[in-house]
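Here's the structure, in structure tokens; my notes come after.
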There are 2 protein chains.
Amino acid sequence: MPINQLRQALHDQGLKLTRSRLAVLQVLAATSAHLKVAEVHRRARQIDGRVGLASVYRTMELLARLRLVKHVHVEHRHRHYARIREHHGHHLVCNGCGLVVEFSDCQLERLTRALARRTKFRIEGHCMEFFGQCRECRCRPASNTARGKRKS
Amino acid sequence: MPINQLRQALHDQGLKLTRSRLAVLQVLAATSAHLKVAEVHRRARQIDGRVGLASVYRTMELLARLRLVKHVHVEHRHRHYARIREHHGHHLVCNGCGLVVEFSDCQLERLTRALARRTKFRIEGHCMEFFGQCRECRCRPASNTARGKRKS
DNA sequence: TTCAAGCTGAGAAATATTCTCACTTGAGTC
DNA sequence: GACTCAAGTGAGAATATTTCTCAGCTTGAA
Ligand SMILES: [Zn+2]
Ligand SMILES: [Zn+2]
Ligand SMILES: [Zn+2]
Ligand SMILES: [Zn+2]
């Protein structure tokens, strides 16, 4: 999302484009892996040393509300986020290096309808994720720091 | 899963069927909603007052390893589990009362193959969940304690 | 420049989960 | 039943993550 469009989106809700938010956005723009909040914070500080952890939490929550990021359900104790670029995006996640590939052709409409009919639920949404090993991690199984990324 | 089959499954791994585990299993057998660990603990204590919280955590982890329960990705701060009955089960979750309906016809094989081809990932698994309102909660939107269940 | 929300960072607080350890128990063997 | 011992336990401490609080700072508009 271009920065001016974002500024507009924030403005529409009476929100400001602040130092901290800019730093976090730069961090997200520079990676294609999912990150835990503490890691976003660490990287944001390299851009602007004054950014506080609480603000990163607040910003990630805001970005999730604006649908610019999304939880990834890796089985860690902490929350991981990945960027969203596509409108109705789902994620394919590499268990080795954290690389995230997005796709939007989830083809779940038919399943949704069938389930709704069968269960009498009003279905309001779904989450779907795939996980595995990316090409790079598959070819280099010994190293667990592919792409120079540490665990995060 | 009948109790003797479970005893056998535990035995095969050198594990025991203990008081705490039995209490947790009874709790799970008695509900069709997803539960957070603290709630499983509360209910287990009604069956056997000596059950400790740590044991419930350990038991849920064990049951997840045995594929008898599974995480549900509700957006709370704590972990929720739901029973698994079907072999390759996915969950449809009611946001109102926590009711979980299981289904296994996920029809993702084709999508999996297409994604693998396109991204060069080796795909090792997926998670998929649907959420919405069950019939009962849809008809009674004012109350948030449908089925006498409190938040958990 | 001035102003008023909106935001901020720091640290405290709340909450969830894991760990530790001395004691207990389940289940096999006699 | 009594004996054995590894597996399991409960209590509470420890750890980790996330949220809250609040006095002061910033952003964006006038
Ligand atoms: Zn990888
Ligand atoms: Zn979808
Ligand atoms: Zn319901
Ligand atoms: Zn499936």
Side-chain angles (χ1 to χ4, degrees), chain A residues 3-25 34-66 69 71-81 151-152, chain B residues 3-25 34-66 69 71-81 151-152:
Chain A
I3 197 74
N4 275 329
Q5 196 180 330
L6 176 61
R7 193 186 296 271
Q8 184 61 47
L10 290 171
H11 181 265
D12 291 347
Q13 307 196 31
L15 305 172
K16 294 173 180 177
L17 188 52
T18 62
R19 267 190 324 104
S20 308
R21 288 174 184 170
L22 270 170
V24 168
L25 287 164
H34 56 141
L35 299 173
K36 66 180 175 184
V37 179
E39 177 66 14
V40 175
H41 180 225
R42 196 183 64 75
R43 296 186 187 195
R45 287 219 143 167
Q46 294 177 343
I47 295 168
D48 180 337
R50 290 169 294 175
V51 174
L53 179 58
S55 285
V56 177
Y57 271 98
R58 292 184 283 233
T59 299
M60 296 312 287
E61 207 175 299
L62 170 66
L63 295 178
R65 212 162 58 234
L66 294 176
V69 301
H71 283 167
V72 172
H73 295 120
V74 291
E75 301 297 332
H76 288 159
R77 205 183 18 230
H78 38 255
R79 218 172 276 172
H80 280 240
Y81 288 95
K151 63 180 181 305
S152 59
Chain B
I3 198 72
N4 275 330
Q5 195 179 332
L6 176 61
R7 194 186 295 271
Q8 185 61 45
L10 290 172
H11 181 265
D12 291 348
Q13 307 195 32
L15 305 173
K16 294 174 181 175
L17 187 52
T18 62
R19 268 191 320 107
S20 306
R21 288 174 183 170
L22 271 170
V24 168
L25 287 164
H34 56 140
L35 299 173
K36 65 179 175 186
V37 180
E39 177 66 14
V40 175
H41 180 226
R42 196 182 65 73
R43 296 186 187 194
R45 287 219 142 166
Q46 294 177 344
I47 294 168
D48 180 337
R50 289 169 294 175
V51 175
L53 178 59
S55 285
V56 177
Y57 271 99
R58 292 184 283 232
T59 298
M60 297 311 287
E61 208 175 298
L62 170 66
L63 295 177
R65 215 162 59 234
L66 295 175
V69 301
H71 283 166
V72 172
H73 295 120
V74 291
E75 301 298 331
H76 288 160
R77 210 192 7 238
H78 40 253
R79 218 172 275 172
H80 279 238
Y81 288 95
K151 64 178 180 306
S152 60

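Here is how names work: the chains are called A, B, and so on, in the same order as the sequence lines, proteins then strands, and each is numbered from 1. We use all heavy atoms of the structure for the numbers below, so side chains are in, but hydrogens, waters and symmetry mates are not.
- By the 4.5 Å heavy-atom criterion applied to side chains, Val24(A) and Ile47(A) are not counted as neighbours.
- Between Tyr57(A) and dT19(D) there is no side-chain polar atom (N or O) within less than 4.0 angstrom of OP1 or OP2.
- Per the geometry, CE belonging to Met60(A) stands 15 Å off C1' belonging to dT17(D), to the nearest Å.
- Here Val37(B) lies out of heavy-atom contact (under 4.0 Å) with every strand.
- Leu66(A) is listed as a side-chain neighbour of Gln13(A), based on a closest heavy-atom distance under 4.5 Å.
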Filtered N/O pairs between nucleotides 23-30 of chain D and protein, under 3.5 Å:
residue : atom : partner  : partner atom : Å
dT27(D) : O2   : Lys16(A) : NZ           : 2.5
dG28(D) : OP1  : Arg7(A)  : NH1          : 3.3
dG28(D) : OP1  : Leu17(A) : N            : 3.2
dA29(D) : OP1  : His11(A) : NE2          : 3.3

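- Atom CD of Gln8(A) and atom CD of Gln5(A) lie 9.0 Å apart (nearest 0.5 Å).
- Test Glu39(B), His80(B), His71(B), Arg79(B) against His34(B) for side chain to side chain donor-acceptor pair (under 3.5 Å) and you get one pass: His80(B).
- Comparing the start and finish of the helix from dT1(C)-dA30(D) to dC30(C)-dG1(D), five pairs each, the helix axis swings through 40°, to the nearest 10 degrees.
- No donor-acceptor distance shorter than 3.5 angstrom exists from the side chain of Arg21(B) to the backbone of Thr59(B), with no hydrogens or angles considered.
- Minimum interatomic distance between Met60(B) and Val69(B) (heavy atoms only, all atoms of both residues): O-CG2, 3.8 Å.
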Open item on the list: side-chain contact (heavy atoms from CB on, under 4.5 Å), that's the test. Do Leu62(A) and Leu10(A) meet it? Break it down for me.
Closed with: CA-CA 10 Å; Leu62(A) 170 66; Leu10(A) 290 171; 4.0 Å; yes

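- The side chain of Arg79(B) places no N or O atom within less than 4.0 Å of a non-bridging phosphate oxygen (OP1 or OP2) of dT17(D).
- Shortest non-hydrogen contact noted between Val51(A) and Ala23(A) is CG2-CB, 4.0 Å.
- In this structure, CZ on Arg19(B) lies 8.5 Å from OG on Ser55(B), to the nearest 0.5 angstrom.
- In plain terms, the two heavy atoms of Tyr81(A) and Glu61(A) that are nearest each other are OH-N, 4.5 Å.
- Reading DNA chain C from its 5' end, the first and the last nucleotide to sit under 4.0 Å from a heavy atom of chain A are dA5(C) to dT18(C).
- At dG8(D), none of the side-chain N or O atoms of Ser20(B) fall inside 4.0 Å of OP1 or OP2 (strictly under the cut-off).
- In this structure, the CG atom of Leu53(B) is 14 Å from the P atom of dA13(D), given to the nearest Å.
- By the 4.5 Å heavy-atom criterion applied to side chains, Leu22(A) and Asp48(A) are not counted as neighbours.
- When each of Ala38(A) and Leu62(B) is assigned the nucleotide of DNA chain D with its nearest heavy atom, Leu62(B) is the one assigned upstream, toward the 5' end.
- At whole-Å resolution of the value, CZ in Arg58(A) and C1' in dC20(D) are 9 Å apart.
- Between the P atom of dA7(D) and the CG atom of Leu10(B) lies a distance of 13 Å, rounded to the nearest Å.
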